[in-house]
Amino acid sequence: MSLSPPPTSSIRGDRIVCLDECYCEIPVFSIPHVYTGHHSTAPELIAERVKDATIIITTRVPINEATLAQCSPNLRLIAVMAAGYEIIDIDECQKRGIKVCNIPSASAEAVAEHALALYLSVKRRIVELHMVTREGIEWPQKKSTIHKFGGLPQTCRSQTMGIVGYGTLGKRIEAIAKALGMSVLVAERKNCSTPTRPNRVEFYKTLEQSSVIILCCPLDYSTRGMIGEQELRHMNEEAILINVARGGVVEEAALVHALQQKWIKGAATDVFAVEPVTKATSPLLSDGIPNLTLSPHVAWYADSSIENLKQSIKENIESFVKGTPLNMV
């Protein structure tokens, strides 16, 4: 636990509590405050640690209705140190007059690169071929391992990328894909009741026409479970699905089934419905799933991301205290 000394005006200042410093160093705030930081916070410790806070900082520690009920009536801001804020009970915060802010796009550059790395890893079967090479058996015996590809892989200029979620991250991914010579389709919102917007493609047509689908949308009521069995069946059997959005966007059991039944060629995800993920919480960690590449929610991690997060959390909190709030959700 880290503490900052109370400033001379601390009686009138905020009590700022960070629940998970482990992701990013918290900057020094130039407002009257007392700061308490925790490396990480187990679920059973959340309420006790935030009970007197006027401002809470969290990256992945959830703040639900039960926790809010035990907070000080003086709690006025929850500052999420990430783009996604599904860990916060927004409805309950609104009822209690608690404001919530986030940091949109801080990690877009890193996540875009990680998304492309996952795509290339799946397409080129890097993880599987790494294991084959390390074992030192199959290659010497068969003299070649190209049969592991299950067909002739296409280069980027022969492929079409479908992007679901066209904010800063989606646009960054689009730029990289086009630089690699890929065609790009930008999906319209699923079940959109209005006409398809210019330069967008109807959601299911995007699934059908794309060689690779990259999910980079927020998780909310409209995107939770957005990719399930029906959507996976719409994808062509050579398609690759990449998820750098949130775990809840994809129905994990349906994805496992799709890979096992070869409805699609492969998949990769950096995010899971329950995190940190274990075999008890996700079928994606089951043995024997073909051409599935996993990473532990680290797509965001890079030098540019850390600098953006530190600058933005400082600006968000200081601007809120001064009466000019930024990035409210």
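Values in this document were obtained by computation on a predicted structure and should not be read as measured data.
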- Query: Given Lys262 and Glu237, is the salt bridge (Lys or Arg N to Asp or Glu O under 4.0 Å) satisfied, shown in steps?
  - Reply: CA-CA 7 Å; Lys262 301 189 185 306; Glu237 62 183 17; over 6 Å; no
Using a cut-off of 6.0 Å, state whether more than 12 heavy atoms not belonging to [X] lie near its atom [atom1].
X: Glu44; atom1: CD; answer: yes
X: Ile126; atom1: CD1; answer: yes
X: Lys205; atom1: NZ; answer: no
X: Glu208; atom1: CD; answer: yes
X: Arg189; atom1: CZ; answer: no

- Task: Check whether Leu120 and Ile176 end up in the same hydrophobic cluster, where Ile, Leu, Val, Met, Phe, Trp and Tyr are linked by side-chain heavy atoms less than 4.5 Å apart.
- Result: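 Linked, Leu120 and Ile176 end up in one cluster.
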Under a plain distance cut-off of 3.5 Å, with no hydrogens placed, do [Y] and [X] share a side-chain donor-acceptor pair?
X: Ser305; Y: Asn308; value: no
X: Asp270; Y: Ser295; value: yes
X: Glu188; Y: Thr196; value: no
X: Gln311; Y: Glu307; value: no
X: Glu138; Y: Thr145; value: no

- Query: Short question: side chain of Thr54, backbone of Asp14 - any donor-acceptor pair under 3.5 Å?
  - Reply: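 A pair under 3.5 Å: no.
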- Message: Whether the side chain of Glu65 engages the backbone of Asp89 through a donor-acceptor N/O pair (distance < 3.5 Å, no angle test) should be reported.
- Response: no
Straight-line distance of [X] [atom1] to [Y] [atom2], nearest 0.5 Å:
X: Gln159; Y: Ile240; atom1: CD; atom2: CD1; answer: 6.0 Å
X: Ile26; Y: Thr59; atom1: CD1; atom2: OG1; answer: 6.5 Å
X: Cys18; Y: His39; atom1: SG; atom2: NE2; answer: 11.0 Å

- Task: Could you please spell out the steps behind the side chain to side chain contact (heavy atoms under 4.5 Å, CB included) verdict for Glu238 and Ser211?
- Result: CA-CA 6 Å; Glu238 293 298 315; Ser211 316; over 6 Å; no
- Message: Among Arg172, Lys171, Lys178, exactly one meets salt bridge (charged side-chain N to carboxylate O under 4.0 Å, His left out) together with Glu174. Which residue is that?
- Response: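 Only match with Glu174 under salt bridge (charged side-chain N to carboxylate O under 4.0 Å, His left out): Lys178.
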Looking at [X] and [Y], what are the two nearest heavy atoms and their distance?
X: Ile242; Y: Ala115; answer: CG2-O, 3.9 Å
X: Ala53; Y: Ser72; answer: O-CB, 4.1 Å
X: Glu231; Y: Ile227; answer: OE1-C, 3.9 Å
X: Ile90; Y: Val329; answer: CD1-CG2, 4.0 Å
X: Cys101; Y: Met328; answer: CB-CE, 3.3 Å

- Sole residue of Val164, Asn191, Val250 in side chain to side chain contact (heavy atoms under 4.5 Å, CB included) with Met226: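 Looking at Val164, Asn191, Val250, the match for Met226 under the side chain to side chain contact (heavy atoms under 4.5 Å, CB included) is Val164.
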- Qualifying side-chain hydrogen bond (donor to acceptor under 3.5 Å, both in side chains) pairs, either residue in residues 218-229, two or more places apart: Asp220-Ser222, Asp220-Thr223, Glu229-Arg233
- Query: Taking the six-membered ring for Trp, is the centroid-to-centroid distance between Trp300 and His114 below 6.0 Å?
  - Reply: no
- Query: Does some side-chain heavy atom of Tyr85 sit less than 4.5 Å from a side-chain heavy atom of Ile78?
  - Reply: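 No - every pair of side-chain heavy atoms lies 4.5 Å or more apart.
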- For the residue pair His257 and Trp263, categorise the inter-ring angle as parallel (less than 30°), tilted (30 to 60°) or perpendicular (more than 60°).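 Geometry flag for Trp263 against His257: perpendicular rings.
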